Amino acid sequence: MRTDPVVLVVEDEPALRRFLRTSLTTHGYRVVEAGSLREGLAMFTSHNPEVVLLDLGLPDGDGMALVQRVREFSRTPILVVSARGREDQKVDALDAGADDYLTKPFGVPELLARMRAARRHARPSEQPVVEVGALTVDLERRLVTVGGEEVHLTPTEYRLLALLARHVGKVLTHRQILEEVWGPGHARHTHYVRVYMAELRKKLEPDPAMPRWLCSEPGVGYRLVDLET
Ligand code: CA
């Protein structure tokens, strides 16, 4: 019996689909392909893939629709494969529940790394302690340390950090952060996030001007990740 993880590629450009199929098959994935939104949804249901690579510009609609539909019943990681210059699309897709995005053109090592990360973080690890480099967030004890030293955070700073820690490795959009930390109705107050992120960096980062863990995704949002590994 085959146990290679199944990846669903939803992409209408034959050349890119071929490239993805070859690269992913070489690296131990079983690839199922769809060239349209409708086909993508059908394949998702019939193959129950472990991860989805999704193009947004599809002949019969926006890939966003697939994100929304799938998120009604599944937490399977979805990586958006997006053309450069469509930052608004990326943000919408992440807000709708996509896990990450890749900007075309991208290399195979980056693709594989992001797929590994998405699969790792999709597992509902009830891991109460999240470690990112020397930074440790103990979600059960609400304890934050850097290099073993406890760092005191305000309640809002902690809520922000804990949110990022619960989704470690995943990009969270400004809107997601505002809704989770400050509640609905704050969607336009992106400066809140900027201000609190600056405070968190001052308290946690070895060099707040060159963040290593609390990383910006320009125009999109933030993610907690260790850039050193
Ligand atoms: Ca396309």
Side-chain angles (χ1 to χ4, degrees), residues 50-51 71 75-80 90-91 93-95 97-102 109-187 189-229:
E50 216 166 299
V51 56
R71 279 294 170 265
R75 299 189 51 79
T76 300
I78 301 174
L79 276 74
V80 166
K90 288 190 279 199
V91 171
L94 291 165
D95 274 338
D99 292 85
D100 202 352
Y101 62 83
L102 280 150
E110 184 184 5
L111 170 68
L112 293 168
R114 291 197 185 227
M115 285 174 68
R116 277 196 302 274
R119 290 174 58 209
R120 204 159 51 231
H121 303 134
R123 279 179 215 135
S125 62
E126 283 306 305
Q127 210 165 323
V129 180
V130 177
E131 281 181 44
V132 175
L135 169 67
T136 304
V137 186
D138 186 330
L139 295 165
E140 228 165 53
R141 296 160 64 205
R142 298 176 71 95
L143 182 71
V144 178
T145 60
V146 175
E149 295 286 317
E150 184 173 352
V151 181
H152 179 74
L153 301 180
T154 68
T156 304
E157 288 165 358
Y158 179 78
R159 276 205 302 279
L160 175 55
L161 180 64
L163 174 68
L164 292 164
R166 280 195 299 273
H167 300 277
V168 61
K170 176 174 164 167
V171 185
L172 294 177
T173 64
H174 294 114
R175 193 176 120 192
Q176 287 170 330
I177 295 170
L178 284 161
E179 285 187 356
E180 293 281 338
V181 177
W182 282 273
H186 291 282
H189 300 159
T190 51
H191 61 283
Y192 289 4
V193 185
R194 211 165 46 241
V195 168
Y196 277 88
M197 195 60 72
E199 287 305 310
L200 272 181
R201 282 172 172 161
K202 261 190 258 172
K203 289 186 177 181
L204 303 174
E205 292 275 1
D207 179 0
M210 298 273 288
R212 180 191 290 189
W213 304 315
L214 295 159
C215 299
S216 301
E217 299 287 334
V220 177
Y222 295 91
R223 83 165 97 204
L224 183 65
V225 69
D226 187 5
L227 286 186
E228 300 290 292
T229 57

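A quick note: this is a predicted structure, and the numbers were derived from the prediction, not measured. FYI, the numbering just counts along the sequence from 1.
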Are Arg194 and Ser216 linked by a side-chain donor-acceptor pair shorter than 3.5 Å?
-> no

Closest non-hydrogen atom pair between [X] and [Y], with its separation:
X: Gln176; Y: Asp95; value: CG-OD1, 3.3 Å
X: Ile177; Y: Leu163; value: CA-CD2, 3.8 Å
X: Val132; Y: Asp226; value: CG1-N, 3.5 Å
X: Leu79; Y: Ala118; value: CD1-CB, 3.5 Å
X: Leu139; Y: Ala162; value: CD2-CB, 3.7 Å
X: Tyr101; Y: Glu217; value: OH-OE1, 3.2 Å

Side chain to side chain, [X] and [Y], heavy atoms closer than 4.5 Å:
X: Leu135; Y: Val144; answer: yes
X: Val225; Y: Leu214; answer: no
X: Val181; Y: Tyr192; answer: no
X: Asp99; Y: Leu94; answer: no
X: Tyr158; Y: Arg142; answer: yes
X: Thr156; Y: Arg159; answer: yes
X: Val80; Y: Leu102; answer: no
X: Val129; Y: Val137; answer: no

Partner of Asp100 by salt bridge (charged side-chain N to carboxylate O under 4.0 Å, His left out), out of Arg119, Lys90, Arg223, Arg116 = Arg223

Please round to the nearest 0.5 Å and tell me the distance separating atom [atom1] of [X] and atom [atom2] of [Y].
X: Asp207; Y: Arg201; atom1: CG; atom2: CZ; value: 11.0 Å
X: Glu131; Y: Asp138; atom1: CD; atom2: CG; value: 10.0 Å
X: Cys215; Y: Met210; atom1: SG; atom2: CE; value: 11.0 Å
X: Thr190; Y: Met197; atom1: OG1; atom2: CE; value: 12.0 Å
X: Glu110; Y: Met115; atom1: CD; atom2: CE; value: 12.5 Å

Verify side-chain contact (heavy atoms from CB on, under 4.5 Å) between Leu161 and Leu204, making sure each step is shown before the conclusion.
-> CA-CA 10 Å; Leu161 180 64; Leu204 303 174; 3.9 Å; yes

Assign the ring pair Tyr222 / His174 to parallel, tilted or perpendicular, where the plane angle (0 to 90°) is split at 30° and 60°.
-> perpendicular

Please say whether more than 12 non-hydrogen atoms of neighbouring residues, nucleotides or ligands are located less than 6.0 Å from CZ in Arg75.
-> no

Does Glu157 have any side chain to side chain contact (heavy atoms under 4.5 Å, CB included) partners at least two apart in sequence or in another chain, and if so, which?
-> Leu153, Thr154, Tyr196, Glu199, Leu200, Lys203

